[in-house]
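This report concerns only the one structure given below.
Remember, it's 1-based here, ligands and their atoms both numbered in the order they're listed.
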Amino acid sequence: MFLSCIRRFYVRCLRFMASDEFTTQVLKCDPSTISFLADEPQIDSDETMNVLKTASHHLIDLRRTVVFPTETVYGLGALALDAFAASKIFSAKGRPPDNPLIVHVSSLNMLQSLLPTGYIIPETYKILIKHFWPGALTLLFPRNPDVVPTIITANQSTVAVRMPSHPVARALISIANAPLAAPSANTSGKPSPTRAEHVHRDLNGKLGLILDGGPCSVGLESTVVDGLHCDGNLKVLRPGGVTVEDIERVLRQDLPENSHVPKVLVYKRDYADEKMEIAPTTPGMKYRHYSPSVPVTLLLTRPSLLDVQPAVSFHSYVQSLKRYIKDSGLKIGVLAATDSKIWDKVTAIEDVAWFRYHLGPLAEPNVIAHNLFDGLLSSEREGVDILLIEEIEENREGLAVMNRVRKAASKTIRVDLESV
Ligand code: TXA
Ligand code: MG
């Protein structure tokens, strides 16, 4: 009896040490009080400084996780070069151990400290870094096995690195003086959080500290680019905040005349890779992603020569949904562009409770990207029975938006918005 009590106490202590199970504290951290002089953060407010020092203490001395805002989404950070600290990320998120993490740095010196000795950064990467760092671009580098623990890279030969531009993220990394591993701060499989309250609702009690720096400006995760394995070309493993069009533009602009301009190949659009699909090395391929707890249906409404699926009218599609919901309290969420034709159709159907979320103008896919995850999470909070998301054109940020929507959706249906 006594022995089993001791064993139980011991197991509880081990569990406590291996995870961050306590009351979650939310501290405001005002990004407008932080600026940078070269790589050094200049902090105008004592309050901001104290919050950043507290966060740094959690990370370094307590080896705990800290949630911090980045310009893309909120990140769940821990020391990247400390396997014990980094393991807490996996327990807090319920993340499968074979899904590698992005390492966040605050300076190019910090990047260099992660790379194999003598490694020379390729010319194309130098151009991308010059234009997009700090910012929403993640690059794959060879891993230095003496520095980066295997838990970060899921045993792969590469490490994914980015330098966030959000002042709170970059200042925290700089003050802690340590690279931070940080996946999106959500339970694995759920939409990524773009506001501190999204994180709190999802992970309260599973982590110690959330820094609230307001809403994330980009709203979708970084673009993940592999320039190491593609015969001089670049592979976009995950479209994101930096658009393919912008990557192509800066390469054309900065590479010397007559030199080979790499192709920028987008997974699934420009190439397929069976081996990669069964390995989790490409974001979101092996595991379910971005799914709120309500069923999501993608509505195809744009003309397509490839798709042979016959279109149904919006009205008859909604009637068909009613047949499945037994009690009459059907609540449908709709996420669509502000200037979509869908809204007139929605208004015309009065016997359904609608939750309408206007994502932004069709001509501004960056605004739609900014709002997408908030739209998914707000629909979930509103308790809709089903969520319908209308497609947008897959250019600029629209490519990343549609990548996330396809992963969130369990069903796709072609709908005709012209017919009655
Ligand atoms: O914007 C972002 O990238 C956010 C913020 C917090 O920085 N982070 C983020 O992390 O989205 P996460 O873990 O949710 O998604 C990173 C993806 C993972 O799905 C993983 O598959 C991929 O990047 N990744 C990480 N290391 C990789 C590697 N060495 N090779 C290929 N893919 C890698
Ligand atoms: Mg994620």
Which atoms of ligand 1 are found less than 4.0 Å from any heavy atom of S184? 8 (N), 9 (C), 10 (O), 12 (P), 14 (O)
Close-contact set for ligand 1 against S222 heavy atoms, below 4.0 Å: 1 (O), 2 (C), 3 (O)
Does N186 put an N, O or S atom under 2.8 Å from the Mg ion (ligand 2)? no
Does any N or O in the side chain of K411 come within less than 3.5 Å of the main-chain N or O of V296, such that one atom is a donor and the other an acceptor? no
Do the side chains of R269 and E394 get close enough for a salt bridge, i.e. N-O under 4.0 angstrom? no
R195 with D374: basic N within carboxylate O range, under 4.0 Å: yes
Polar side-chain atom of K28 near backbone of D212 as donor-acceptor pair, under 3.5 Å: no
Compare L220, L180, I102 and give the one whose heavy atom is closest to atom 16 (C) of ligand 1. I102
Numbered atoms and elements of ligand 1 in range of A182, under 4.0 angstrom, heavy atoms: 6 (C), 8 (N), 10 (O)
Classify the contact between R95 and ligand 1 as side chain, backbone, both or neither, using a heavy-atom distance cut-off of under 4.0 Å. side chain
E71 bridged to R162 by N-O distance under 4.0 Å: yes
Could you tell me whether E364 and R396 make a salt bridge, using a distance below 4.0 angstrom between a side-chain N and a carboxylate O? no
Interfacing atoms of ligand 1 (cut-off 4.0 Å, heavy-atom, G75): 6 (C)
Is T72 touching ligand 1 with its side chain, its backbone, both, or neither, if touching means heavy atoms under 4.0 Å apart? side chain
Do any nitrogen or oxygen atoms of R238 lie less than 3.5 angstrom from nitrogen or oxygen atoms of ligand 1? yes
What atoms in ligand 1 come closer than 4.0 Å to a heavy atom of N99? 18 (C), 19 (O), 20 (C), 21 (O)
Regarding atom 25 (C) of ligand 1: of the candidates G77, P69, P142, P100, which has the closest heavy atom? P100
Correct closest heavy-atom pair for A154 and P97 would be CB-O, 3.8 Å
So is there a nitrogen or oxygen of K93 less than 3.5 Å from a nitrogen or oxygen in ligand 1? no
Over all atoms of both residues, closest heavy-atom pair of P142 and V159: O-CG1, 3.9 Å
Would N204 and V199 count as a side chain to side chain contact (heavy atoms under 4.5 Å, CB included) if you check the C-alpha gap in whole Å, the side-chain angles of each, and the deciding distance to 0.1 Å? CA-CA 7 Å; N204 184 21; V199 185; over 6 Å; no
Counting heavy atoms only, which of A169, P193, P183 is nearest atom 10 (O) of ligand 1? P183
So is T153 in contact with ligand 1, going by heavy-atom distances below 4.0 Å? no
Check: R162 N/O within less than 3.5 Å of ligand 1 N/O: yes
In terms of side-chain geometry, is the basic nitrogen of D39 or R170 positioned less than 4.0 Å from the acidic oxygen of its partner? yes
